[in-house]
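To keep things clear, I will list the structure first and then write my remarks on it.
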2 protein chains.
Amino acid sequence: MTAAGDAEMVHGHLADLVREAILVGELEPGDRLVEADLAGRYGASRGAVRAALMELAHEGLVERLPNRGARVREVGLAEAIAITEVRLAVEALCAAKAAERVSDEQIAELRSLGRQMQTAVATGDVEVYSGLNQLLHRRIREISDQPVAAQVLSRLRAQNVRHQFALARRPGRVQVSLPEHLAIIDEICARSPGGAERAVRRHITSVLEELQRTAEEV
Amino acid sequence: MTAAGDAEMVHGHLADLVREAILVGELEPGDRLVEADLAGRYGASRGAVRAALMELAHEGLVERLPNRGARVREVGLAEAIAITEVRLAVEALCAAKAAERVSDEQIAELRSLGRQMQTAVATGDVEVYSGLNQLLHRRIREISDQPVAAQVLSRLRAQNVRHQFALARRPGRVQVSLPEHLAIIDEICARSPGGAERAVRRHITSVLEELQRTAEEV
DNA sequence: CTCCGATAGATTGTTGACAATCTCTTGGTT
DNA sequence: AACCAAGAGATTGTCAACAATCTATCGGAG
C-alpha cells in the first residue's frame with residue numbers, strides 16, 4: 001500500500017485531472033511534473049501523460065523545458081496584470097452582449113445571484129461569496145453567447161486563479177467588490193449594453209488597481 | 001521520384017510547416033490530415049505529426065475527431081464574426097497601450113507605414129496594401145508590449161485568415177479601410193490612448209459590418 | 001579548500017509494432 | 001430496389017523498449 005493511494009485508472013481525460021490538481025492548489029507553481037510519476041499516480045501510460053502535459057502547456061498552466069521536463073508554471077505579477085487587462089477587454093464585450101440578449105428568466109436569476117452575494121457579504125462568508133462571484137461571471141459569459149470570448153476567458157482565468165484567490169482574501173476587498181458586481185447586474189438587467197460594459201470596466205479596473213497595489217507592497 | 005517531391009526532413013517544428021500550409025491555402029478547410037501521409041510528406045515520424053496536429057487543434061486551425069482523424073477546420077461566418085468581435089476588444093486595448101508607450105522612432109515608423117499604404121492604394125496595389133495592413137497591426141501589437149494580448153490575437157487572426165483575405169479583395173474595401181488605418185496611426189502618434197481605442201473600434205466595426213454584409217449576400 | 005571533469009542515475013524524446021476503431025465494399029435478404 | 005450484415009482495408013490510439021539528454025555525485029588536481 002503506497003502512501004499516495006493506489007493507482008486509480010481514470011480515463012476522464014487525464015489533462016482534466018492534472019488541471020484540476022493545479023487549480024485546486026494540490027500542485028503548486030514550480031512543482032516538477034515527472035512523466036513517470038504522474039503515469040503511476042493516475043494509472044495511465046507515459047504517452048497519455050505526455051499528451052496531457054502538452055495540452056496543459058498550450059493552455060499556459062504548465063511550462064515544458066526541452067529535455068528538462070515539465071513544471072507548474074509560475075505566473076508573475078507583471079503577467080497577472082497583463083492577463084487581467086485582456087480579461088477586462090473581453091469581459092466588457094461579454095457583458096455588453098449579455099445585456100443585449102438577456103431573457104426575463106435570466107434577469108430573475110442574475111438578480112437572485114446579486115441578493116445571495118449581498119447576504120454572503122453581510123454574513124462575512126468569503127468562501128461562498130467567492131463561489132458566487134465565479135458563478136456570476138460564468139453566467140454572464142453564457143448569456144453573452146460568445147463562444148470565442150468564453151474560451152479565451154476560461155484560459156486566462158485558469159492562469160490567474162492563484163492571484164485571483166489571493167486578491168479575494170484581502171481584507172476589505174469584498175466591500176469594494178460587491179457594489180461593483182451589483183452595478184454590473186443592474187446594467188445587464190436594464191438591458192443597457194453600454195452601461196454593462198462600463199460597469200465591468202470599472203470593476204476589473206479596480207481589480208487591476210488592487211493587483212498593482214500588491215506589487216508595491218513587496 | 002514521387003509527384004509530390006521527396007520527403008524533405010525538416011526539423012523546424014513540424015507544426016509551423018503545417019500551419020503555414022494552411023495559412024497559405026495549400027491545405028483547404030475540410031481537407032483530411034492523415035498522419036501517415038504527413039509523416040511521409042515531411043519526412044517525420046508519426047508521433048511527431050501527432051504532436052503537431054494536437055498543437056494545431058489547440059490553436060483552432062485543425063479539428064480532431066476521435067478515432068476519425070484530423071482535418072482542416074472550417075470557420076463559418078457566424079464564428080468569423082464572433083472572432084472579429086473579440087479581436088475588436090483586444091486590438092482596442094493594444095492600440096490604447098501603444099499610444100501610451102510609443103517612442104519617437106516608432107512614431108516615425110508608423111507615419112512612414114501610413115504613407116506607404118496611401119501610395120499602395122493610389123497605385124491600386126491590393127497585395128502590397130494587404131501586406132502593409134498586416135504589418136501595421138503587428139507593429140501596434142509589438143509597441144503595446146502586451147504579450148498576452150499578442151498571443152490571443154495571433155491565434156484569432158490565424159483562424160480568420162481565410163475570411164480576412166476574402167474581405168480584403170472586395171471592391172471598394174481599401175478605400176474604406178485606408179482612412180480608418182490612417183486615423184489609428186494619427187491617434188497613436190498623438191499619444192492619445194482613448195482616441196486610438198476609438199479609432200480601432202471604428203475600424204474593426206466597419207470590418208464587422210462588411211462581414212455581416214457578406215452573410216446577407218448568400 | 002575550491003574547482004573541474006568523469007561517471008552513474010534519472011528523465012525525457014523517439015521509434016516501431018500492435019490493438020482498437022472506423023469506413024467502404026460486397027453479398028445476401030426482404 | 002432498398003436495406004442490413006459481414007468482412008477487408010485503412011486509420012488512429014496505445015504501449016513498451018531503446019536512445020539521447022540532463023543532473024547529481026564523486027574523485028582528483030591545482
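Computed over heavy atoms, backbone and side chain alike; hydrogens, waters and symmetry mates excluded. Lettering of chains follows the sequences in order, A, B, ..., and the numbering in each one begins at 1.
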Rounded to the nearest angstrom, tell me the gap between atom CZ in Arg64(A) and atom P in dT11(C). 16 Å
Please identify each residue that fulfils side chain to side chain donor-acceptor pair (under 3.5 Å) with Glu127(A), with sequence neighbours left out. Arg169(A)
Which residues share a side-chain contact (heavy atoms from CB on, under 4.5 Å) with Arg191(B), sequence neighbours left out: Val102(B), Asp104(B), Ile107(B)
Output the residues of residues 45-57 of chain B in contact with DNA chain D, where contact means a heavy atom of the residue under 4.0 Å from an atom of the strand; sort by number or write none. Arg46(B), Arg50(B)
For Glu35(A) and dA20(D), what is the distance between atoms CD and C1' respectively, to the nearest whole Å? 14 Å
Show which side-chain atoms of residues 21-29 of chain A pair as donor or acceptor with protein atoms under 3.5 Å away, not counting sequence neighbours.
none

Provide the full list of salt bridge (Lys or Arg N to Asp or Glu O under 4.0 Å) pairs with a residue in residues 75-97 of chain B, sequence neighbours left out, each pair given once. Glu85(A)-Lys97(B), Lys97(A)-Glu85(B), Arg73(B)-Glu79(B), Arg87(B)-Glu91(B)
Checking Arg64(B) now: which residues fulfil side chain to side chain donor-acceptor pair (under 3.5 Å) with it, not counting sequence neighbours? none
Test: salt bridge (Lys or Arg N to Asp or Glu O under 4.0 Å). Region: residues 48-57 of chain A. Which pairs qualify, not counting sequence neighbours? Arg19(A)-Glu55(A), Glu35(A)-Arg50(A)
Examine the side chains of Asn160(B) and Thr84(B) and answer whether a donor and an acceptor come within less than 3.5 Å of each other. yes
Can you measure Arg32(A) atom CZ to dT11(C) atom P for me and round it to whole angstrom units? 6 Å
Please give, in whole Å, the distance from dT12(C) C1' to Leu33(A) CG? 13 Å
Without decimals, in angstroms, what is the distance between Glu63(A) CD and dT12(C) P? 14 Å
Sequence neighbours excluded - ring pair (Phe, Tyr, Trp, His ring centres under 6.0 Å) pairs with any residue from residues 50-96 of chain B: His58(A)-His58(B)
Tabulate protein N/O versus nucleotide N/O from nucleotides 22-25 of chain C, keeping only pairs under 3.5 Å, one per line.
unit_1, atom_1, unit_2, atom_2, d
dT23(C), OP1, Arg68(B), NE, 3.2
dT23(C), OP1, Arg68(B), NH2, 3.1

